[in-house]
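Since the model is a prediction, treat every value here as computed from it, not as a measurement.
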Amino acid sequence: MANPASYRPKTGEIPTNPGVYRFRDAHGRVIYVGKAKSLRSRLNSYFANPAGLLPKTYAMVHAASSVEWTVVGSELESLQLEYTWIKEFKPRFNVVFRDDKTYPYLAVTVGEKYPRVQVMRGDKRKGTRYFGPYTAGAIRETMDTLLRVFPVRSCSAGVFKRAEASGRPCLLGYIDKCSAPCVGRISPEDHRALAEDFCAFMGGEAKRFIAKLEKQMAEAVAELDYERAARVRDDITALRKVFERNAVVLAEDTDADIFALHEDELEAAVQVFHVRGGRIRGQRGWVVEKVEDSTTPDLVEHLLQQVYGEDGDSHGRLPREVLVPVAPSNTEELALWLGGLRGAKVDIRVPQRGDKAALMSTVRENAEHALKLHKTRRAGDLTVRSQALQELQEALDLPVPLLRIECFDVSHVQGTNVVASMVVVEDGLPKKADYRKFSVTGPAAADDTAAMHDVLTRRFRHYLQDKSAQVGEAALAGVPAEAEEGLGQEQEAQAGLLDTTTPAPRARFAYPPNLVVVDGGKPQVNAAARALADLGIDDVYVVGLAKRLEEVWLPDSDFPVILPRTSQGLYLLQRIRDEAHRFAISFHRQKRGKAMTVSALDGVPGLGASKRKALLAHFGSVKGVKAASAAELSQAKGIGPALAGAIVNHFAPDGPEAAAVPAINMTTGEIIET
């Protein structure tokens, strides 16, 4: 379980606005969605005293590993957005609706002869118009108010049939909240017209109906009928409260991406709300460094190119409308390009007024908070890194500042495919160009301590060779091939393990670290210290971080150093250790995957992977290669007479392959070649 303090945001980073927040677990899955009148107050309540939380909330904050929030314009907007995200993400800690009910909608069954107004939940039905969603209390109050102005039928089919059979309306008919079509007080046509007026009011045409009520209130006041005027006033207040325009929920046919940005001289933060069917279905954000003197229209143009150029429209990502804060450069050309990606027209517009402009304001506010948060965290990151390095230096009583730290980890499965990794941190930040990977074979693969001794020896042998040569790149010239087991970032990228477009060139091991960290306890630390001592290196300090209790071990020490759980120095060691473990595991999986399958052609001297493929492509199978003569083998691409002779000798009755076992898949046991 995660410690809530490990991902607690600083109080000053959290806005005091209303909004919606999401807790995510270590895998990025949303596990809880909530809303708040003040995001700062609500989120602080989760972290101030976790032990005092309710059991379910306690479990949630410990299962989460991060929290994020979205600022909205009002509490009503936060309700709508919370509902949308609960339906979309189905967070496992949002289990309030155990009966599978959803937020209620106000529905009008326009497909029936006598349309009915009712509150509905669950799946939408054909022939019914829906308005909402709303809170349960607000929707009941609204419905009660609307039935005074639009007395549409609201009874069930059973009640309607009984009233029709008896000739007497139900209670609503007697109190003038139903026009009583069941007893013929209103014709089906007039009742349907009443229902259409109801839908028009709910669809946004509220102005003329509210004006009518205001006129009635004025007339009541003129007649000194203050009691009736008060009732009409309350009806107007309720209608205005429910139908205040909501920036989160737009018209049901609205499909748009709404972009907004907030910028300064150096950086710009961009936020986009993806609105589909009138609901926010997703949110994305970027922080961009201004590497050139770009205007805001240029930034918008580059943004749309990047977003839609990478995504395309293979999954219907491009909407009908793209709303931006300012018109981009070359708007017409950009619209044509987007239209080609979508296969239909795309409008790029700058909203000036109305609902979309209001939602644009909300998106812009999120962009402003995103830029502030980015700058705060970036400034704080330098402080935290400096604090971590200083705490670590003081706790370990080291006389030198920790400018460079290297961490080593050994990975294997029951002693097979033993590998090791080296990760590098400079000034508290990873330096991936200096990462290295090691293959461990022979006696060194006997156990973890022997492997650690071997890896440290090989790593610092490079350093000593560089130091003695006193020449930069020429130092590698005399290094034996068997010592060059380390692979850098370039090799990792070639192996498909690292996503990078600018791989670092193969380089020497650079200057030595101030501190070596090994993944393990006392045995591993002593093995690493012994390797350095054997090489005569006395200016590099060694510590080990044991996983069980996260204690720090020093060489030849009987007791570990216990760092406080909230120590930034301990956090730094843990991050380095975890990165070394990840790096070692990735290399181990790659090596293990290659070892899963062996081939009868592997043992042929001088026959590499590309030539093996050429042989198999030419002869169809290993059996065909074995049966071929030297002359026939020479006809394959890349196979010369000498190599053809080596292949024939390899498969000769008295050759090395005579006693070899068939090639098999080491995972399944399946015979691959015969």
Side-chain angles (χ1 to χ4, degrees), residues 1-8 10 47 50 65 377 379-410 420-431 434-435 448-449 452-453 455-456 459-460 463 510-533 537-584:
M1 299 178 70
N3 183 359
S6 65
Y7 65 91
R8 176 180 183 174
K10 295 181 180 179
F47 299 103
S65 63
R377 287 181 172 173
D381 182 61
L382 179 60
T383 304
V384 171
R385 285 189 282 117
S386 301
Q387 179 185 354
L389 293 172
Q390 184 177 357
E391 285 184 5
L392 199 56
Q393 180 183 351
E394 293 174 354
L396 300 178
D397 195 21
L398 301 179
V400 295
L402 302 178
L403 301 179
R404 180 181 172 104
I405 303 174
E406 294 179 1
C407 184
F408 295 82
D409 183 32
V410 176
S421 66
M422 181 188 90
V423 301
V424 181
V425 170
E426 291 188 0
D427 296 327
L429 294 175
K431 188 178 181 182
D434 287 354
Y435 283 17
D448 286 357
T449 56
M452 190 64 70
H453 183 280
V455 169
L456 266 294
R459 183 265 178 268
F460 285 97
Y463 159 61
Y511 53 88
N514 306 111
L515 179 67
V516 166
V517 181
V518 298
D519 182 16
K522 186 175 180 179
Q524 287 81 7
V525 173
N526 290 336
R530 190 168 61 253
L532 295 179
I537 298 174
D538 57 3
D539 57 348
V540 176
Y541 300 91
V542 181
V543 298
L545 183 61
K547 289 188 179 71
R548 190 173 68 90
L549 298 176
E550 304 289 39
E551 66 266 25
V552 180
W553 286 90
L554 300 176
D556 301 322
S557 176
D558 294 330
F559 301 98
V561 176
I562 305 298
L563 297 178
R565 286 292 179 176
T566 58
S567 167
Q568 293 296 332
L570 178 60
Y571 292 159
L572 177 61
L573 286 180
Q574 290 173 331
R575 289 195 296 270
I576 299 172
R577 187 267 317 276
D578 294 343
E579 174 68 357
H581 185 64
R582 178 203 67 80
F583 198 56

Could I get the full list of side chain to side chain contact (heavy atoms under 4.5 Å, CB included) partners for [X], not counting sequence neighbours?
{"X": "Thr449", "value": "Asp447, Pro523, Ala527"}
{"X": "Asp448", "value": "Val410, His412, Gln524"}
{"X": "Pro560", "value": "Glu551, Trp553, Ile562"}
{"X": "Leu554", "value": "Leu396, Val543, Ser557, Val561"}

Could you list the residues that satisfy salt bridge (charged side-chain N to carboxylate O under 4.0 Å, His left out) with [X], not counting sequence neighbours?
{"X": "Glu579", "result": "Arg582"}
{"X": "Asp519", "result": "Lys547"}
{"X": "Asp558", "result": "Lys522"}

Apply the test side-chain contact (heavy atoms from CB on, under 4.5 Å) to residues Asp434 and Arg404: give CA-CA distance (whole Å), side-chain angles for both, the deciding distance (0.1 Å), then the verdict. CA-CA 11 Å; Asp434 287 354; Arg404 180 181 172 104; 2.9 Å; yes
Side chains of [X] and [Y], heavy atoms from C-beta outward: is any pair under 4.5 Å?
{"X": "Gln574", "Y": "Leu545", "value": "yes"}
{"X": "Leu570", "Y": "Pro564", "value": "no"}
{"X": "Pro513", "Y": "Arg459", "value": "yes"}

Nearest heavy-atom pair of [X] and [Y]: which atoms, and what distance?
{"X": "Ser421", "Y": "Ala580", "value": "OG-O, 2.7 Å"}
{"X": "Ala546", "Y": "Gly521", "value": "CB-CA, 4.2 Å"}
{"X": "Val455", "Y": "Ala420", "value": "CG2-CB, 3.5 Å"}
{"X": "Ala395", "Y": "Leu563", "value": "CB-CD2, 3.3 Å"}
{"X": "Gly569", "Y": "Leu392", "value": "O-CD1, 4.0 Å"}
{"X": "Pro555", "Y": "Val525", "value": "N-CG1, 3.5 Å"}

Under the criterion side-chain contact (heavy atoms from CB on, under 4.5 Å), which of Asn514, Val516, Leu389 is the partner of Ile405? Leu389
Rounded to the nearest 0.5 Å, how far does CG of Leu573 lie from CG of Leu515?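 Going from CG on Leu515 over to CG on Leu573, the span is 7.5 Å.
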Let me confirm one number: the CD-CD distance from Gln568 to Gln387, rounded to the nearest 0.5 Å. 5.0 Å
The criterion is side-chain hydrogen bond (donor to acceptor under 3.5 Å, both in side chains); which residues satisfy it with Gln393, sequence neighbours excluded?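 Counting only residues at least two positions away or on another chain, Gln393 forms no side-chain hydrogen bond (donor to acceptor under 3.5 Å, both in side chains).
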Under the rule for side-chain hydrogen bond (donor to acceptor under 3.5 Å, both in side chains), what residues qualify as partners of Ser567, not counting sequence neighbours?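 Residues passing side-chain hydrogen bond (donor to acceptor under 3.5 Å, both in side chains) with Ser567: Glu391.
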Parallel, tilted or perpendicular: ring planes of Phe583 versus Tyr435, cut at 30 and 60 degrees: perpendicular
